[in-house]
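To start, the structure itself, in structure tokens.
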Amino acid sequence: MAMSRLFAGVFVSVTLLAVAPPVLAQEGGGGKPEWRLTLGAGAMMAPSYLGSDDYDVSAVPLIDLRYADRVFLSTRDGLGANLLRDGNFSAGPVLKYRFGRDQDDDDALRGLGDIDPAGEAGAFVKYSVAKLSMGAELRQGFGGHEAVIGELWLNRRFNLSERLDFNIGPKLTLASSDFTETYFGIDAGQAARSGYRRYDADGVFISYGLNAALGYKLTRQVRLGAFAGVEQIGGDAADSPIVDQAGSATQARLGLTISYSFGW
């Protein structure tokens, strides 16, 4: 369903950061490869739309192409470049894609109409020290929404063994009122068609949550991943009828992936 793909797009872009390995092995040694590619797939159970209490299982593609830690194209990170790099600090532009929402995705959305896919262009900053990393993104939407979105995240990595690692950390999402109005607001026409009361969602607070991922290296190039997360919708978004009346402010997800990495 389109809404499950929307949720998958957001979740995979951030949470799966810890599932696929950022460093690719090259058979025979000879130094770190300039080009690195990770291909994989998985399955994820997540709400049928952002704010739903119904869950769907959907396929999760995993593609991650990088050149010399400078340019990346990824289902999890979008399209971007590390233009500024100084020690543990990096920053640069980023472009991401957000899937649309179809009113046929869930009975709770009937009468609300469809939301077109959106692009989100902006910039990121990241700081890493030892096994701790933190970052922020600020993006401007175009297409399905025209909101400004801000994300803050923190991640701690634990090497449990030579093959097994564990990542965990919180995430906070904020957005301008155009985002909450697009995905959680109900205008007069939508209220008449859906039976919900009219609702203006003007808040900037979207959600906070905790994400975790476990990775196991079967070989130097094949890796299994498992991830889980819980997110709490807040502010005006949580008070929307499609969340408070027909859904749930608590959003959970669970998934498994397998990936193959190589470099040249």
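The basis for the numbers below is simple: all heavy atoms, side chains too, and nothing from hydrogens, waters or symmetry mates. We number each residue from 1, following the sequence as shown.
Looking at S261 and Q221, their side chains never bring a donor and an acceptor atom within 3.5 Å of each other.
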For side-chain hydrogen bond (donor to acceptor under 3.5 Å, both in side chains), just list the numbers for D236 and T180, CA-CA rounded to whole Å, side-chain angles, deciding distance to a tenth of an Å, and then say yes or no.
CA-CA 7 Å; D236 281 11; T180 48; 6.0 Å; no

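Scored by the side chain to side chain contact (heavy atoms under 4.5 Å, CB included) test, Q190 finds L112, I186, D187, R193 as partners (sequence neighbours excluded).
A side-chain donor-acceptor contact under 3.5 Å links S176 to the backbone of V148. Under a 3.5 Å cut-off, the side chain of R163 and the backbone N or O of Y216 do not form any donor-acceptor pair. When atom types are taken as modelled, the side chain of R253 and the backbone of P47 share no donor-acceptor pair closer than 3.5 angstrom. Looking only at distances, no side-chain donor or acceptor of D53 sits under 3.5 Å from a matching main-chain atom of S248. Side-chain atoms of Y55 come within 3.5 Å of backbone N or O of A252 as a donor-acceptor pair. Judged purely by atom type and a 3.5 angstrom limit, N88 uses its side chain to pair as donor or acceptor with the backbone of S128. The backbone N or O of G51 sits less than 3.5 Å from a side-chain atom of Q251, completing a donor-acceptor pair.
Y67 and W35 have tilted rings, their planes meeting at an angle from 30° to 60° on a 0 to 90° scale. Ring orientation note: the planes of F99 and Y97 are nearly perpendicular, at an angle over 60° on the 30°/60° scale.
Among residue pairs with one or both ends in residues 199-208, those qualifying as side-chain hydrogen bond (donor to acceptor under 3.5 Å, both in side chains) are S207-E231; sequence neighbours excluded. Here salt bridge (charged side-chain N to carboxylate O under 4.0 Å, His left out) pairs that include residues 127-139, with residues two or more places apart or in two chains, are K96-E137, E120-R139, E137-R139, R139-E151.
Here CG of L95 is found 12.5 Å from CG of D77. Values are rounded to the nearest 0.5 Å. Note that the CG atom of D114 and the CG atom of D102 stand 4.0 Å from one another [nearest 0.5 Å]. Here OG of S133 is found 4.0 Å from CH2 of W153. Values are rounded to the nearest 0.5 Å. In this structure, OH on Y49 lies 13.0 Å from CD on Q103, to the nearest 0.5 angstrom. With rounding to the nearest 0.5 angstrom, the CG atom of L50 is 8.0 Å from the CD1 atom of I206.
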N/O donor-acceptor pairs under 3.5 Å from side chains in residues 238-247, not counting sequence neighbours:
{"unit_1": "S240", "atom_1": "OG", "unit_2": "F184", "atom_2": "O", "d": "2.6"}
{"unit_1": "S240", "atom_1": "OG", "unit_2": "I242", "atom_2": "N", "d": "3.4"}

Side-chain donor/acceptor pairs under 3.5 Å, residues 78-86, sequence neighbours excluded:
{"unit_1": "N82", "atom_1": "ND2", "unit_2": "D69", "atom_2": "O", "d": "2.9"}
{"unit_1": "R85", "atom_1": "NH1", "unit_2": "D69", "atom_2": "O", "d": "3.3"}

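No more than 12 heavy atoms of other residues, nucleotides or ligands sit less than 6.0 Å from atom CD of E34.
Membership of the apolar cluster around L132 extends to F89, V125, Y127, V129, M134, L154, as traced through chained side-chain contacts below 4.5 Å between ILVMFWY residues.
Grouping the Ile, Leu, Val, Met, Phe, Trp and Tyr side chains by contacts below 4.5 angstrom, directly or via other members, places I258 with I63.
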